[in-house]
Amino acid sequence: MRHITVTINGERYERDVAEHRTLLHFLRDDLGLTGTKEGCGAGECGACTIIMDGRAVNSCLVLAMEADGAALETIEGAAAGGELSVIQQAFHDHHAVQCGYCTPGMVMSATDLLRRNPNPSREEIIDGIEGNFCRCTGYQQIIEAIEAAAGATGTAAGKEADHA
Amino acid sequence: MLENTPVAELKNVGRKTDRIDSVVKLTGEATYVSDMTLPGMLYARVKASPHARARIVSIDTSRAQALSGVRAIVTGEELDYRLGLYVVDKAILAKGEVRHFGEAVAAVAADTLEIAKRAVDLIDVEYEELEPVLHPLEALKEDAPLVHPKLGEYSYMEAAFTPKPGTNVANHTKLRKGDTERAFEACEWTIERTYTNPSVQHVPMETHVAIVQWGHDDEVSIWSSAQSPFTLRNLFCTAFGLSHRNVRVQVPYVGGGFGGKAGIGIEPLVAVLSRKAGGRPVKLTATREEEFSLLPCRSQLTYRIKTGVSKDGKILAQELTMYWDSGAYADYAVNVTRASGYSAGGPYDIPNAKVDAYTIYTNKPFGTAYRGFGHVEFFWGLERHMDLVAEAIGMEPLEFRLLNALKPGSTTLTGEKITANTGNIAKCLQTAADSIGYRALTDQEKAREKATGLKIGKAVVGLHKAPAMPPFTATTVILKMNEDATVTANLSLVDYGQGTYTSIAQIIAERLGFPLERVKIAFESDTDRDPYDWQTVASKGLLLSGNAAILAAEDLLKNAYEVAAQALRANTVDLAHDGERIYVKHHPDSAVTFRQLAIGYAFPDGNSIGGPLVGVGRYIAQGLTHLDKETGQGLPALDWTYGAHGMIVEVDRETGEYNVLKVVSVFDVGKVINPDAVRGQAIGGMLQGLGTAVCEGYIYDRKGHLLNPSFTDNKIPTARDLPFEVEAIAIETPQIDGPYGARGVGEHSMIGVAAALGNAIQHATGAQLTHMPIRYEDVWRALGKKEPVDNWITKSPYGSCRSAPEIQKYDC
Amino acid sequence: MTRLRGAPEPKAVPLLHEFSYVAHRSLDELLSFLAHHGDETQVFSGGTDLFVNIRAGLAAPRYVADLKSVSDLHEIAFNEREGLSIGACATVNELIANDTVRDRYAVLRTAAEQLATFQLRNRATVVGNIVTASPCGDMTSPLLCLGTDVVLVSVRGERRVPLGEFITGVKTTQIATDEIVTRVIVGTGRIDAAGGYRKLKRIKGHDLGVVAVALIKSMPAVRVAISSAAPTPVLLPEFGADAPVAEIQASAQAAISPIDDVRCTAEYRRFMVDVYIRRLMEEVPA
Ligand SMILES: Cc1cc2nc3c(=O)[nH]c(=O)nc-3n(C[C@H](O)[C@H](O)[C@H](O)COP(=O)(O)OP(=O)(O)OC[C@H]3O[C@@H](n4cnc5c(N)ncnc54)[C@H](O)[C@@H]3O)c2cc1C
Ligand code: FES
Ligand code: FES
């Protein structure tokens, strides 16, 4: 057990944590932030994608210990102030959600993508979400949602940056 | 897309409508069983068999037992329960013998997952390895080891299935229509070939997970990531001899199922752990690896098709033989066999048919329901074969299909008469063909071929499927009016991603004449609080529950009208309503609001009538019959959904690599209730079908070890695997008994995709492919006329799904 | 009756085996820790191989030592004399984003872009890829083509080993338990070479290389390395600028020893190596 301090969606969390604990399990089991999902535990599926110090990572392959002092963004923080982010809204509008299990990771990847590249081509969108499996949607409606969110990015970028 | 949908008059049905469940899923609020913890909850892990077949000599749990924090350990010996949907053949934990790699032999519940894992590692199991039987055709041989020597003692559903004690045959489905022997004699051509495909994993993104608490007085609570709460409860009660009133199943949000969560899975195992741990709740979450071998998969199939054709290209006779690899247990595989058997000829008019479909036990992880329920597998062979026959008789493949397509007046294999309202397969085929410019390459495509050096091919395939369900399949919807005149619907059809709840909300809103915002569908299902539904499978949900929802809405209105009639001192026939009020037609100012009626109407003096408004809608499938066991004749189909896929691929003739340029999927859905949902099902299923076609499938070594039980070597499609262009088109030939004319389309999108790919590749290059998945190497081998790869590890037919020597010689 | 202990257990470990996490601030501290505990420690940077291995029960260290806490191991630096130095903690995405890599070591970037997924590359390191020494490592072949040395340090001192010698077999290297790789140095000898990397995958999306070929034209020489076709990635002897394709292919066929496995047959691997060599020879400008 070691003591760590992590900032998640702008809030500080201090906890004693087992040293072998993955960041994913720390979030889900120790903090009860179960929005982030586990689909494989092995880096393949992207369901566990969160943003750590500004970078999208597979939280199943990160130790909680590594997050000591880090700033994390998870799905729970995506709808800042109770309002869906531009990306979440676009997913909603485009039926980009079916069972919803890939959705949190997908939204985090899309969020990271549009920050890096506010006007991605279809090819660049695919690059950004290739690491996120979705077994339900066939991706088409997700890609369309991201395209639409990018189209709205003038507003999105500002809003995203606000709660980054 | 879906532009041909008439939306006039209807206010909700057919209109663009947002999903009612996407916001909670987008914010991470939606709670899945995998997210749940209960007070005092223990964590379970399973000890799995490393062998495909072995005698369990001994299990020593003493070292595990000694570990602090271990609360319960169970092994097969101490349990005397049998499970089974249709054939009761499975123990909760392997007993005496393990029958497949990955089968559970012991399980532990402990304070933490870490302790449970350590305990499992400390359980010593001594095995005596036995020779496994791995290929279904090997399993049919006289001297094959028996996977279930006691098959004759098992109980089974006798109306539908025929196990053969003393063999490995779990079921033999027979169908006889007309006289095939005579018909073949009259044929100008007889063409025969065999097609194969391996077992495949469903890969829901949420793996199987359950929490069970076995409380005092055998009151059992189950939370499960399951598709069918009532079937789960029923099978659970049957296995343990409990009354249905004792067992409560709750299903919150479910992260995908695709058939893999249709029946009963890990729940009984978790239950016995909880019971042994003194009633503490126990949670078991399958790892992704366990998903491949502890839990069931889709069955492997070897399909031999013999087709006889007349001079003018009419199919006169078909002999269809299916060898379904059940794996170690029968589960849904026997019913996949049955449903595929009566559907085996596809959407074509076949006057004479002989179908023999066998479900065969082997020592492999067992087969279950998977989106398409056998049709994805056999349509691979069937629609490849249609192309082969067309080629052999010198007819254009689409023309050949259109000539033989079912039309009003034709009869299906089981003798059902097709009517104008059954659906229009010819229109599906034509529409798909038009959408991909089937008949010729465009100038653009020709230029592309020139620039890339790749060869472009196009194909169109047809498909059909009816729900595979018992004739008595039924459901109920209960609609409750809230104080503010909103309504809440309870049903236990589960929406595990399909979007059915949104469509049902639209139907209820439409029927009530309320805006959609006033309709809530309670998302979690609970067998204690919700009314019965058979199962969430078979693409029957929208039709049955949609009809029940309409009846519930009508019942609610009828009840409201009765109270309103008293309140307004009017006849019910003189009343009408809008979204807010019930009023007297010729004195519209004489009205009561739904709010006033919601929990009972109070007169000004306080006297009250009515009471809380509810509406109940019950619906049961109409007019279906069992099938005759000798001839397969009868009426099994609630509705037939027809469809077609058109595909354009480009192929590298040197290496066998290919790109899918376009897929168009067309379905006769009767009536589009929610355009985006239909599109989501169409494209999502198409890509899942493409996964099956391109890359997915179990690979074993000759001892029956599964070699690719993870995403490392069992790839599934990513965003990059989506074809460059995808299109979904709905045809609307109304289903007379469907809600607003709708029929199901949840599974159909996956069916036939593989054959479309195989046919398009063949049209581009001439490669003759009879096995899916179609890996680049397979195309390369087919083009170079090299031996296909049987099994990459052993080069032996054992463990391979591709072929067995004795049937290869029938190949043409 | 056989008691089969060594038979493959169905791999299914939902969580990490328990270990202690150590993170040293300085290289010296880390090295002296490894001098004492090296045989029960795994260092890591991205953890994208290590934690996968621990989860699968293939590694069970008592300690894991995080290299990222040590300063000075992150840098990707270039100077004309030494060449390109890639620090132990430099991620694959950092390599892709590096201007010098883009302008002067293009083949590295081409290969890096084909490694795993975007979020994984945010963690996966170039050095981790090499030390893992998988036959299919995407960074190894291009680095072999370019000529790369591996810098190893321990309390016993520093040594510099050519990459080709560093990797000794399937997932084995020369590294001693008390050593770490601080960086790799890509020499200047083949700077500005045009190159290409072709990787066969089973799907269009992310996948390990079923077989892969890296080829650079560093005039007057052509260099070729091949992954997933032998126990280690294989660098072929250098060819002259006008070497016929058939000569390179023959040399490749003699050097590789592919196997049949779940991903592919040896036969197809051999075939694709020839195809890739020919296509790369055609498409890489001289
Ligand atoms: C889903 C997935 C997909 C992948 N796809 C690919 C792919 O397409 N191509 C590919 O090549 N690889 C792939 N990999 C493997 C992996 O991501 C790469 O090998 C990566 O580059 C490893 O880097 P790392 O920093 O994460 O290594 P780590 O896991 O941190 O370390 C790997 C090994 O090297 C040792 N090590 C690391 N750094 C040092 C050092 N400085 N000194 C001494 N020892 C050290 C560690 O002890 C460990 O044994 C994939 C992995 C996953 C999980
Ligand atoms: S759970 Fe992390 S990538 Fe699958
Ligand atoms: S919505 Fe189910 S996995 Fe993506």
Side-chain angles (χ1 to χ4, degrees), chain A residues 18 20 25 28-29 32-47 74-79 82 84-85 87-89 91-105 107 122-123 125-143, chain B residues 18-19 21-32 34-37 113-114 202-207 253-258 285 287-289 495-499 674-677 679-688 690-691 710-712 716-722 726 728 749:
Chain A
H20 68 279
H25 287 169
R28 285 176 56 82
D29 300 344
L33 295 172
T34 54
T36 307
K37 305 297 184 205
E38 174 165 6
C40 69
E44 300 271 358
C45 77
T74 69
I75 192 67
E76 284 87 355
L84 295 187
S85 73
I87 290 166
Q88 287 171 312
Q89 188 63 48
F91 271 59
H92 180 65
D93 296 342
H94 287 80
H95 273 238
V97 178
Q98 288 190 23
C99 81
Y101 211 74
C102 71
T103 305
V107 167
R122 188 186 159 99
E123 189 60 22
I125 291 174
I126 287 173
D127 245 337
I129 62 167
E130 182 185 341
N132 295 76
F133 287 165
C134 174
R135 190 59 158 171
C136 299
T137 63
Y139 305 102
Q140 175 68 20
Q141 285 154 311
I142 293 176
I143 294 169
Chain B
D18 292 338
R19 286 183 67 116
D21 54 338
S22 54
V23 170
V24 285
K25 290 173 174 175
L26 279 159
T27 55
E29 284 162 67
T31 299
Y32 299 75
S34 55
D35 300 331
M36 291 173 58
T37 32
L113 262 182
E114 281 86 346
H202 311 71
V203 191
M205 287 315 295
E206 182 190 34
T207 58
Y253 288 87
V254 176
F258 312 112
T285 312
T287 61
R288 181 55 63 191
E289 289 79 354
D495 189 334
Y496 50 99
Q498 324 87 300
N674 185 321
D676 290 319
R679 190 162 168 257
Q681 287 300 300
I683 297 173
M686 181 280 297
L687 194 67
Q688 212 171 91
L690 208 54
S710 75
F711 289 140
T712 315
I716 65 165
T718 69
R720 197 172 290 289
D721 295 281
L722 183 64
V726 291
S749 47

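Side-chain atoms are counted along with the backbone in the values below, which use heavy atoms only and exclude waters and symmetry mates. Every chain is numbered from 1 and lettered A, B, ... according to where its sequence line falls, protein lines coming before strand lines.
For A:T103, the part sitting under 4.5 Å from any heavy atom of chain B is the side chain, from C-beta outward, and nothing else. Residue B:V203 touches chain A through both its backbone and its side chain, counting heavy-atom pairs closer than 4.5 Å. Both the backbone and the side chain of B:L26 come within contact range of chain A, judged by heavy atoms closer than 4.5 Å. At a 4.5 Å heavy-atom cutoff, B:S749 makes no contact with chain A through either its backbone or its side chain. Heavy atoms of B:D721 lying under 4.5 Å from chain A are absent altogether. Heavy-atom distances place no part of A:D29 under 4.5 Å from chain B, backbone and side chain included. Contacts between A:Q141 and chain B at a heavy-atom distance below 4.5 Å involve the side chain alone, from C-beta outward. Both the backbone and the side chain of B:T27 come within contact range of chain A, with heavy atoms under 4.5 Å apart. Heavy atoms of A:I143 lying under 4.5 Å from chain B belong exclusively to its side chain. Contact annotation for B:Y253: neither backbone nor side-chain heavy atoms come within less than 4.5 Å of a heavy atom of chain A.
In this structure, the side chain of A:Y139 engages the main chain of B:P717 through a donor-acceptor pair within 3.5 Å. Listed for the B:R19 side chain is a donor-acceptor partner under 3.5 Å among the backbone atoms of B:G497.
Interface check for chain A: of the options B:D495, B:L690, B:D18, the most heavy-atom pairs under 4.5 Å are formed by B:D18. The greatest number of non-hydrogen atom pairs below 4.5 Å with chain B, out of A:G35, A:G43, A:G100, A:C134, is found for A:G100. Across A:T36, A:N132, A:D127, A:I142, the residue that shares the most heavy-atom pairs under 4.5 angstrom with chain B is A:D127.
By the 4.5 Å heavy-atom criterion applied to side chains, A:E38 and B:M205 are not counted as neighbours.
In this structure, a donor-acceptor pair under 3.5 Å is absent between the side chains of A:T34 and B:Y32. Counted by atom type alone, B:Q688 and B:H202 present zero donor-acceptor pairs between their side chains at under 3.5 Å.
A:R135 and B:E206 are not joined by a salt bridge, as no carboxylate oxygen comes within less than 4.0 angstrom of a charged side-chain nitrogen.
For A:P104, the side chain to side chain contact (heavy atoms under 4.5 Å, CB included) partners at least two apart in sequence or on another chain are A:K37, A:I75.
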